[in-house]
Each structure stands twice: as C-alpha cells, then as structure tokens.
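This structure is in structure tokens; I'll ask about it shortly.
Below, each value reflects all heavy atoms present in this structure, side chains not excepted, and no hydrogens, waters or symmetry copies.
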Amino acid sequence: MSRVALCLAALAGLSVSSAALADGDARRGAQVYRACEACHALEPGLHLSGPSLDGIMGRMAGTAEEFVRYSTGLKEAGFSWNAAALDGWLKDSAGMI
C-alpha cells in the first residue's frame with residue numbers, strides 16, 4: 001500500500017472524502033501518523049510546530065488559517081494538497097519546493 005493511502009487513512013474522519021479512503025488501512029495509517037504527530041495535530045486550528053492537518057485535502061499548500069511559520073517556498077508553491085501532492089511531499093518535500 002502506498003504512503004499516501006496510509007496517510008489518507010490516518011486522516012480519516014477529517015474533510016477527506018470516503019472515496020479517497022476506500023483503499024486505505026486506518027490502523028496502519030494511525031501507525032504511520034505517529035511519525036507526524038510531534039509536529040502536526042489532526043484537530044482543527046491546533047497548530048504545533050507544523051500546521052493542523054485538518055482539512056488538508058484540497059487546500060492550497062502554505063495556507064492553513066492562522067499558521068504563520070510557513071517557508072517562503074511553501075507559501076509560493078502554488079499547488080493544492082491531493083493524493084499525488086501528499087505522496088510527492090512524503091517522498092521528497094524539498095524537491096517539491
């Protein structure tokens with residue numbers, strides 16, 4: 001299973017469509033999310049050192065409301081978060097910027 005499917009499963013219950021989660025494994029996704037939870041919360045508006053992941057799918061990169069610590073590169077990246085973008089980010093975030 002791809003990393004994006006696992007991340008989508010971890011984001012289950014947020015604003016991700018059920019169709020996008022159809023091939024995900026929620027239990028495995030929760031395990032994978034443990035690597036993210038030190039910096040990212042799933043609760044709306046709860047920003048840690050990284051922005052909340054609530055509502056990430058479909059949102060323009062670098063635009064989480066009230067999160068102010070985005071890099072200039074991410075603020076100007078010009079892409080929306082979707083399965084392909086998330087997969088690319090997890091593989092090589094610097095390469096996307």
Q. With sequence neighbours left out, what residues match E76 under side-chain contact (heavy atoms from CB on, under 4.5 Å)?
A. T72
Q | Gap separating the CD1 atom of I56 from the OG atom of S80, nearest 0.5 angstrom | A | 10.5 Å
Residues 58-65, side-chain donor-acceptor partners within the protein, below 3.5 Å, at least two apart:
from : atom 1 : to  : atom 2 : distance (Å)
R59  : NH1    : D54 : O      : 3.1
R59  : NH2    : S52 : O      : 3.3
T63  : OG1    : M60 : O      : 2.5

Q: Return the minimal non-hydrogen interatomic distance between A41 and L46, and the atom names on each side.
A: CB-O, 3.3 Å
Q | Qualifying ring pair (Phe, Tyr, Trp, His ring centres under 6.0 Å) pairs, either residue in residues 38-57, two or more places apart | A | H47-F67
(Q) Working to the nearest 0.5 angstrom, can you tell me the gap between W89 CH2 and I97 CD1? (A) 4.5 Å
**Q.** Gap between atom CG of D87 and atom CG of D92 - 0.5 Å precision
**A.** 11.5 Å
Q: Would you give the length of the straight line joining atom NZ of K75 to atom OH of Y70, rounded to the nearest 0.5 angstrom?
A: 10.5 Å
Q | From SG (C36) to CG (L90), nearest 0.5 Å | A | 7.0 Å
Q: Determine, stepwise, if the pair W81 / L53 fulfils side chain to side chain contact (heavy atoms under 4.5 Å, CB included).
A: CA-CA 11 Å; W81 291 110; L53 297 179; over 6 Å; no
(Q) For residues L48 and V32: do they belong to one hydrophobic cluster (side chain heavy atoms under 4.5 Å, members Ile, Leu, Val, Met, Phe, Trp, Tyr)? (A) no
